[in-house]
Enquirer: 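The following block contains the structure, expressed as structure tokens.
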Number of protein chains: 2
Amino acid sequence: MNLTDKQRALIERIGVFQEKSGMQPVAGRIMGLLYVSDKPELTFDEIREALGISKSATSNALSMLQHLNRLEYVTYSGDRKRYFRLKLDKWRDLVLQGVESITDFSEMLQEVVAERTSETKEYNQNLLDVADFLKYLHTELPKLLTEWEQQKK
Amino acid sequence: MNLTDKQRALIERIGVFQEKSGMQPVAGRIMGLLYVSDKPELTFDEIREALGISKSATSNALSMLQHLNRLEYVTYSGDRKRYFRLKLDKWRDLVLQGVESITDFSEMLQEVVAERTSETKEYNQNLLDVADFLKYLHTELPKLLTEWEQQKK
DNA sequence: CTTTTGGTTCCTAATTTTAAGAACTAAATT
DNA sequence: AATTTAGTTCTTAAAATTAGGAACCAAAAG
């Protein structure tokens, strides 16, 4: 694969960044590699070799990344290999998907308040405020995405 | 402390939720306990006892949560104990703090593109789009918070 | 029908994380 | 000054995560 030192360093930094949001090291590095690599589509073996990792680690990380919707693979007729690539062209979907999960926490907060004593007025109101702001985000973030697309043109 | 079954279940759910964003189990449960507890301010020992955890686990988790800006403690004259509570009244600051960290990823993406081959036009443009949208979020999210506060009144 | 290729799964070793227990410290109380 | 209180730090055991190696499997090639 022949990566420069700069590229390797970037891959590691991206890897660490992803790890912070709960991704395992190998998976983070695969993300990094696909960001950085001159070829945006890499085969299983190119990935394995570029990062010097085992087949099992490669296989597991790739399938987890696909479940997380970060990755997909394409095939070409007459070629048995899978070509893995970031789902970069569909990053808007990923954003919207993240927006959806905001609701979960908001709902949990409302359950909390429902279960709380009504003695602690101010505290409960703060909790409800957070829940309400999250709901606001939930409706407004998709709009923000649309606005951004408008002003990009 | 005397928690109901419902309260204990909620604490665990909140705990698991926090764990998903990289928090350790005990820290997640402490967050949960403070959300749910009738008293919004609890002492070291009340926390330790309510969750049935050791002093060291309590101490470490509390100091980590303080570093993450999720928690603070207050004291009362004539009382040696610290009273720990969520920084709920300052949740806006926490949101804005999160907004700041968006920039980091955006900048990393720009570095990536700077380092990439210029052959992959579309790919690079996608990366720059993501970076640009993140910058857009960075400026717009604080406005969203202000707007929400306006319409709340 | 045998072999090769591309990848997955199972099992295990190594590393990391988590949290307990005991020893410790600083301030307040007696 | 001695003791108690409130919490921290150090060491270690247990549990969970991570990733390697080998065996395995299905499809394609020979």
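The basis for the numbers below is simple: all heavy atoms, side chains too, and nothing from hydrogens, waters or symmetry mates. What you see is a predicted model; the values in this text were computed from it and never measured.
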Enquirer: CG/B:D45 to CZ/B:R82 distance, rounded to the nearest 0.5 angstrom?
Expert: 13.0 Å
Enquirer: Rounding to a whole Å, what distance do you find between B:E19:CD and C:dT17:P?
Expert: 15 Å
Enquirer: Would you give a per-nucleotide map of nucleotides 10-16 of chain C, 5' to 3', where B means the base has a protein non-hydrogen atom under 4.0 Å away, S means only the sugar-phosphate does, and - means neither?
Expert: -------
Enquirer: Is the closest side-chain heavy-atom distance between B:L128 and B:D132 below 4.5 Å?
Expert: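 The answer is no; the side chains never approach within 4.5 Å.
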Enquirer: Can you confirm whether A:L65 sits close enough to A:F84 that some side-chain heavy atom of one is under 4.5 Å from a side-chain heavy atom of the other?
Expert: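 Contact flag for A:L65/A:F84 side chains = no.
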Enquirer: Using a 4.0 Å heavy-atom cut-off across all strands, classify A:I53 as base, sugar-phosphate, or nothing.
Expert: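 The answer is sugar-phosphate, as A:I53 gets under 4.0 Å only of primed atoms, P, OP1 or OP2.
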Enquirer: Could you check if a side-chain atom of A:H138 sits within less than 4.5 angstrom of a side-chain atom of A:E100, using non-hydrogen atoms only?
Expert: yes
Enquirer: Measure the acute angle between the ring planes of B:W91 and A:F133, then classify it against the limits of 30° and 60° as parallel, tilted or perpendicular.
Expert: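 Judged by the thresholds at 30° and 60°, the geometry between B:W91 and A:F133 is tilted.
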Enquirer: Nearest whole angstrom, please: distance from the P of C:dT8 to the CE of A:M64.
Expert: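 Between P of C:dT8 and CE of A:M64: 14 Å.
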Enquirer: Does this structure show an ion pair linking B:E149 with B:K152, if we count only N-O contacts that are shorter than 4.0 Å?
Expert: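 No, B:E149 and B:K152 are not salt-bridged.
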Enquirer: Tell me whether B:K81 is salt-bridged to B:E46, with the criterion being a basic N under 4.0 Å from an acidic carboxylate O.
Expert: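 Looking at B:E46 together with B:K81, the answer is no, because their closest N to O distance does not fall below 4.0 Å.
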Enquirer: Does a salt bridge link A:D93 with A:K87, judged by any charged N lying under 4.0 Å from a carboxylate O?
Expert: no
Enquirer: Do any N or O atoms of the protein come closer than 3.5 Å to N or O atoms of nucleotides 1-6 of chain C, and which pairs are they?
Expert:
from, atom 1, to, atom 2, distance (Å)
C:dT5, O4', A:R80, NH1, 3.4
C:dT5, O2, A:R80, NH1, 3.2
C:dT5, O2, A:R80, NH2, 2.3
C:dG6, OP1, A:K81, NZ, 3.4

Enquirer: Just how far, in rounded Å, is C1' of C:dT18 from CE of B:M23?
Expert: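 Rounded to the whole Å, the gap is 15 Å.
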Enquirer: Walking along DNA chain D from 5' to 3', note the first and the last nucleotide with an atom under 4.0 Å from a heavy atom of chain A, and give both.
Expert: D:dT18 to D:dA28
Enquirer: Would you say B:Y73 has more than 12 foreign heavy atoms packed within less than 6.0 Å of its OH?
Expert: no
Enquirer: What's the separation between atom CZ in B:R116 and atom OH in A:Y35, rounded to the nearest 0.5 Å?
Expert: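 The CZ atom of B:R116 sits 11.0 Å away from the OH atom of A:Y35.
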